[in-house]
Protein chains: 4
Amino acid sequence: MSADTNFAKDQLRQIVERIERLEEEKQAIAADIKEVYAEAKALGFDTKVLRKVITLRKKDPQEREEEEMMLHTYLSALGMAPDFGEE
Amino acid sequence: MSADTNFAKDQLRQIVERIERLEEEKQAIAADIKEVYAEAKALGFDTKVLRKVITLRKKDPQEREEEEMMLHTYLSALGMAPDFGEE
Amino acid sequence: MSADTNFAKDQLRQIVERIERLEEEKQAIAADIKEVYAEAKALGFDTKVLRKVITLRKKDPQEREEEEMMLHTYLSALGMAPDFGEE
Amino acid sequence: MSADTNFAKDQLRQIVERIERLEEEKQAIAADIKEVYAEAKALGFDTKVLRKVITLRKKDPQEREEEEMMLHTYLSALGMAPDFGEE
DNA sequence: ACCCTCGAATGTTAAC
DNA sequence: GTTAACATTCGAGGGT
């Protein structure tokens, strides 16, 4: 088997290892998150609602952005956007 | 081969056919939607922005609901929700 | 506001309506598909496998084969090839 | 407002912060993984196949085999079994 | 204890 | 070719 092929093999092995290592870390963090929810539940919080809170807080900044875009939206579509002239 | 098995085979075949038929229809509609976007583009509309408009209009009713829930959210989490007492 | 702009507005409105109408139809069909899977399940079929069958039937056999070969190559490089040894 | 409620509020705040912190970390790792795939691609590897390799390595061989068997059963019923005839 | 609904994660495909 | 939207799939959580 050629040196090139062996080289490629080693590269592949390393790539796979790196990915698997990172995925383990990701899973570990996911487990931590689950744990926090479990604690919250033990403290009497409603986890379903808690998840919703997290989701909403995540989405909020996006929505602001989108609403801003919404203004440009119709204006652009109607050829009235400030930046674009009639072209 | 038993009658039961043949019966099962026929059922499977019918199920697969129905699903494939429905998926074709779904694809056809998806194609129609693409076409409308293409027309819109030809008319000078910005399709990216158009997609955003559609998305936002879809989300709006949901958001209202979610924001309403947001109020209950913290209240529930803090044991202050109207429905639940202190338990 | 100019006549042109009003015209553009109407166009936009119509486009949005057409897209939303089509998306509703698409959703309806998606619901039908779900229903068929539910029926299949009630009849004792494994929906997961059933989905795989549908997927397989969609794919081009040749492409599929090429992917399989490449997969085998990678697995071999990692010493994980099934059936065959190290070659 | 009661001391208890204030206490609950603080707990809630801390919980939310912890979760959000962990989710950030998770996202960071997800970004790292994407990066490794990008590198692999630059080195000439097929990322699609690579992802499949990773997936395969994760799965339990036994379960995998059972699924394969059931898949074969369904495909046979549809006259699509590979390698084997109608039996 | 099981099903079922929901949200997250992945894989695919189209647009630019 | 790269990025982002889209559809599908997988898994966890909650309800019955």
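When reading the values below, keep in mind they use all heavy atoms of this one structure, side chains included, and skip hydrogens, waters and symmetry mates. It should be emphasised that the depicted structure is a prediction, and the values quoted were computed from it without experimental measurement.
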Considering only nitrogen or oxygen atoms on both sides, find all protein atoms under 3.5 Å from nucleotides 1-8 of chain E and state each distance.
unit_1 : atom_1 : unit_2 : atom_2 : d
E:dG7  : OP1    : A:K52  : NZ     : 3.2

| Residue pairs involving residues 23-36 of chain A (criterion side-chain hydrogen bond (donor to acceptor under 3.5 Å, both in side chains); sequence neighbours excluded) | A:R21-A:E25, A:E23-D:K58

| Are B:L43 and B:V36 joined in one hydrophobic group, where the rule is that I, L, V, M, F, W and Y side chains link up if heavy atoms are under 4.5 Å apart? | yes

| task | Would you list the pairs meeting side-chain hydrogen bond (donor to acceptor under 3.5 Å, both in side chains) in which at least one residue belongs to residues 36-53 of chain C, sequence neighbours left out? | result | B:R18-C:E39, C:K48-D:E67

| query | If you look at every strand shown and take non-hydrogen atoms under 4.0 Å, does B:K48 touch a base, only sugar-phosphate, or nothing? | reply | nothing

| field | Closest non-hydrogen atom pair between C:L22 and B:I29, with its separation | value | O-CG2, 3.4 Å

| Results of salt bridge (charged side-chain N to carboxylate O under 4.0 Å, His left out) for C:E20 - residues two or more places apart only | B:R57

| message | Holding to side-chain contact (heavy atoms from CB on, under 4.5 Å), I want the full list of residues that pass it with C:E63, two or more places apart in sequence or in another chain. | response | C:D60

| message | Under 4.0 Å, heavy atom to any atom of DNA chain E: which of residues 61-69 of chain B qualify? | response | none

| note | Sequence neighbours excluded, the answer for side chain to side chain donor-acceptor pair (under 3.5 Å) partners of A:R13 is none

| Is there a side-chain contact between C:V53 and B:L12, using heavy atoms and a 4.5 Å cut-off? | no

| message | In dot-bracket form, 5' to 3', how is DNA chain F paired? Count Watson-Crick and G-U wobble pairs only if both distances fall under 3.5 Å, and write | where the partner sits on another strand. | response | ||||||||||||||||

| Are more than 12 heavy atoms from other residues, nucleotides or ligands located less than 6.0 Å from atom CE of C:M70? | no

| request: For D:A8, enumerate each residue passing the side-chain contact (heavy atoms from CB on, under 4.5 Å) test, keeping only those at least two apart in sequence or located in another chain. | output: B:L78

| What is the 5' to 3' range of DNA chain F, first to last nucleotide, that sits under 4.0 Å from any heavy atom of chain C? | F:dA7 to F:dT9

| Linked hydrophobic residues, B:M69 as query - side chain contacts closer than 4.5 Å | A:V49

| query | C:A40: what forms a side-chain contact (heavy atoms from CB on, under 4.5 Å) with it, not counting sequence neighbours? | reply | B:I15, C:F45, C:L50

